**Q** 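I am attaching a structure below and will ask some questions about it afterwards.
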There are 2 protein chains.
Amino acid sequence: MGFQPVMDARKKRILEAVTDDYISTAEPVGSRTIARRYNLGVSPATIRNEMADLEESGYLEQPHTSAGRIPSEKGYRFYVDFIMKRKPVSEEERARIRRALAERRREIDLIVEETARILAYLSRYAAFVLSPISRAGVFRRIELMPVDGQTVLVVLIIDPGFVRTHLIATSRTLTREQLANIAEFLNLRLAGLSLSHIGSSLLREIKEELDDYNTLVDAAIEAIARFLENRHEEQIYSDGQVNLLEQPEFQDILKARSVLEFFAEDDALRSLLSGAAEVGGVTVTIGREAGHPSMGMCSMVSAPYEVRGVRMGALGVVGPTRMHYSRVVALVELVAENLGDVLTRILVT
Amino acid sequence: MGFQPVMDARKKRILEAVTDDYISTAEPVGSRTIARRYNLGVSPATIRNEMADLEESGYLEQPHTSAGRIPSEKGYRFYVDFIMKRKPVSEEERARIRRALAERRREIDLIVEETARILAYLSRYAAFVLSPISRAGVFRRIELMPVDGQTVLVVLIIDPGFVRTHLIATSRTLTREQLANIAEFLNLRLAGLSLSHIGSSLLREIKEELDDYNTLVDAAIEAIARFLENRHEEQIYSDGQVNLLEQPEFQDILKARSVLEFFAEDDALRSLLSGAAEVGGVTVTIGREAGHPSMGMCSMVSAPYEVRGVRMGALGVVGPTRMHYSRVVALVELVAENLGDVLTRILVT
DNA sequence: TTTAGCACTCTGGCCGTGCGAGTGCTAACG
DNA sequence: CGTTAGCACTCGCACGGCCAGAGTGCTAAA
């Protein structure tokens, strides 16, 4: 004891059978069913014994006495980590992904939106895509452009290839030349810096220098600071939330509501996704591992997407814990790769 | 016959009582209940007779024999048009609306988003806001700005006060001066025109002229045309869709799903809203009047919002047909006014 | 160690019953 | 003639009992 009980090959096969069956039927699965459907060459009684062992070591659980078994979170975890093989994505699906993302668009937001759509469509679960951020990016250039007397358009160009625009109000009217001067100064100070290095202290410093130089810029630079801060927030694109309502576990409206509310309130989701982005590779978060009660009966399969090795964002699929992991893991990985490729093509001109 | 049966004062009061009661309890209401709760000074028996009349003329219906009555769509329509009084919005709610919209923001998208949020919060139903369009707007200025070798940022400034930006790809590298020239030319031709007058024919014409003048602009102007077209699409901001799941009529997951799917597929919703925007004033669309099966058990209360008399967009609340019309109508009207005011303050500098 | 047999348990569906709410009709009343 | 009281009737729904089916754990035999 203290030792993890040995998971021999037969136990593994039985855990696999139970999980596979439960994933596709959503009903607790009994020894008889396994003996019939998966030919392990042993009788139901033997399977019963093994299942009792598996239950004792926490891989399976019984919804109630004398029902079949279902995988526990620990069971799913073991299944995902050591048993399951990724189910290759069919050529047709691959083609669909390529087609969806290949249209010649320059607007990243549209691509990301489309990614969420195709991911939801192919997974039949809910899909989320965190739009690319550029914390890892480098400040390339800022431009200021007068719109009207009290409004200035800030254009921020970040390497690789992002453009963000933002309207700010100024208390005084600035001429095009004044704006150009300010922009020039900012560019001198900021160009080439990584965004994560442009903190509020640096900005305050610059602001003071500029204050000496030209008091007109007060409102402008403050707005820019706000802008730099705010724009770090990644936006979440989502699709297919209603897909979850088809799943038997969400026939109970209370559960459905709690999950949908969780999605609507997207801060938690955002941190889940960006957490996944830090790990690299496909992450599977099962049930309460996510640390949020509303996600208790959900799992998330997520992966970051990269441009030239730099992680730009993440995407994920949320479904019931009883999820087609083998299919979804492969799908998420593939879509993340595709999105990375498309962005690479666009950004790295 | 042929004549609409007379709707005398007592029938009206009874229809009102039935509707009010059903709206707040969601249960079919019987004659006894009405006699008890609303003192009409008559006995249940009399009310029964009147209710039988109302049912015959189609204002009420019975879910099944020997249940209470509920209003039919026709009943709701009559209630909304001739009976109900708008329930004044409380000072606290007014303050909340003002506070939500009053924050000094220049970004219209954020304001619109906030409007959807506050509308959903106060109505406790689902809220939708169609972002402002500028079909009625006037082209003021275009600016072209190089981002990198093959990318140009298009900034389109529209009167009153909108700024739209769009990235386009060009096949060749254009210098800042070349871009400025092109922009200048476009400004000469387009400035002052109403957006609805800038059709594809005019653009083609300009393109030909420019082709003679400078073949470099080919990709650029084409992208601008696309841009002008695309940007006419109004975006829908929504919030509070999950609120509907609290309503007893959506405890049935199938109904809930069909409504949420309808929302997700937002083209129909968009046309409903923009239809409402054309009428002016608050519009109430009851059940199948919306012409879409999924909306059969929903109603929408919508209103356009205006800047200086020009309708810029619309907003609406969707709830069950059994909706608190008197409250929501007043709320929608007030929020539309507030949004109009805020936009006016921002746009008309 | 595996298997067969068996008694036991628990859920879900089905059915019948009773209750409550509400109706429509008829007859009496002012 | 409109209004009311009384009454029989009709549903829907919640409750409880019952049965069938699926599955288990245990024991004893192979």
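Keep in mind the model is a prediction, meaning the values are calculated, not measured. What's counted below: heavy atoms across the whole structure, side chains too, no hydrogens, waters or symmetry copies. A, B, ... follow the sequence lines: proteins, then strands. Residue 1 opens every chain.
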**Q** Are A:R69 and A:E61 ion-paired here, with the side-chain N under 4.0 Å from a carboxylate O?
**A** no
**Q** Please report the distance, rounded to the nearest Å, between CD in A:E61 and P in D:dT24.
**A** 14 Å
**Q** Could you tell me the separation between the CD atom of A:E56 and the P atom of D:dG25, rounded to a whole number of Å?
**A** 11 Å
**Q** Can you check the B:E50 CD to D:dG2 P distance for me, whole Å?
**A**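 Answer to the nearest Å: 11 Å.
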**Q** Could you check how far CD1 of B:I47 sits from P of D:dT4, rounded to whole Å?
**A**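 After rounding, the reported distance stands at 9 Å.
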**Q** Using 4.0 Å as the upper bound for N to carboxylate O, is an ion pair formed by B:R10 and B:E50?
**A** yes
**Q** What is the distance, rounded to the nearest whole Å, between atom CD1 of B:I34 and atom C1' of C:dG22?
**A** 12 Å
**Q** Of the nucleotides C:dA4, C:dT9, D:dC7, which has the atom closest to the A:T65 side chain?
**A** C:dT9
**Q** For D:dG25, does OP1 or OP2 lie under 4.0 Å from any side-chain N or O of A:R69?
**A** yes
**Q** Identify which nucleotide among D:dT4, C:dG22, C:dT3 has an atom closest to any side-chain atom of A:T46, counting heavy atoms from C-beta outward.
**A** C:dT3
**Q** When you match A:T33 and A:N49 each to their closest nucleotide on DNA chain D, which lands nearer the 5' end?
**A** A:T33
**Q** Counting just side-chain N and O atoms, does A:R32 come under 4.0 Å of either OP1 or OP2 of C:dT3?
**A** no
**Q** Any side-chain N or O of A:R48 less than 4.0 Å from the OP1 or OP2 oxygen of C:dC6?
**A** no
**Q** Could you check how far CG of B:L60 sits from C1' of C:dG24, rounded to whole Å?
**A** 16 Å
**Q** Would you kindly give the CG-to-P distance between A:D8 and C:dT2, to the nearest whole Å?
**A**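 My rounded result for the distance is 9 Å.
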**Q** What about B:S66, does its side chain sit under 3.5 Å from the base of D:dT10 through a donor-acceptor pair?
**A**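 Counting by modelled atom types and ignoring angles, a donor-acceptor contact under 3.5 Å is found here.
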**Q** Check every atom of C:dG22, D:dG12, D:dG25 against the side chain of B:H64 and return the nucleotide holding the closest atom.
**A**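 Within the option list, the nearest is D:dG12.
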**Q** Could you tell me how far apart A:I70 (CD1) and D:dT24 (P) are, to the nearest whole angstrom?
**A** 13 Å
**Q** Decide, yes or no, whether a salt bridge links A:D81 with A:R77 under the criterion of side-chain N to carboxylate O below 4.0 Å.
**A** yes
**Q** With respect to the side chain of A:A45, which nucleotide from D:dA5, C:dA4, D:dG23 is positioned closest?
**A** C:dA4
**Q** Would you say the side chains of A:Y121 and A:D239 form a donor-acceptor pair under 3.5 Å?
**A** no
**Q** Counting heavy atoms from C-beta on, name the nucleotide in C:dA4, D:dG23, D:dG25 closest to the side chain of A:E55.
**A**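 Output: D:dG25.
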**Q** Can you tell which of D:dA5, C:dT23, C:dG24 lies closest to the side chain of B:A52?
**A** C:dG24
**Q** Anything under 30° is parallel, anything over 60° is perpendicular, the rest tilted; go ahead and classify B:Y76 against B:Y325.
**A**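 Ring orientation of B:Y76 relative to B:Y325: tilted.
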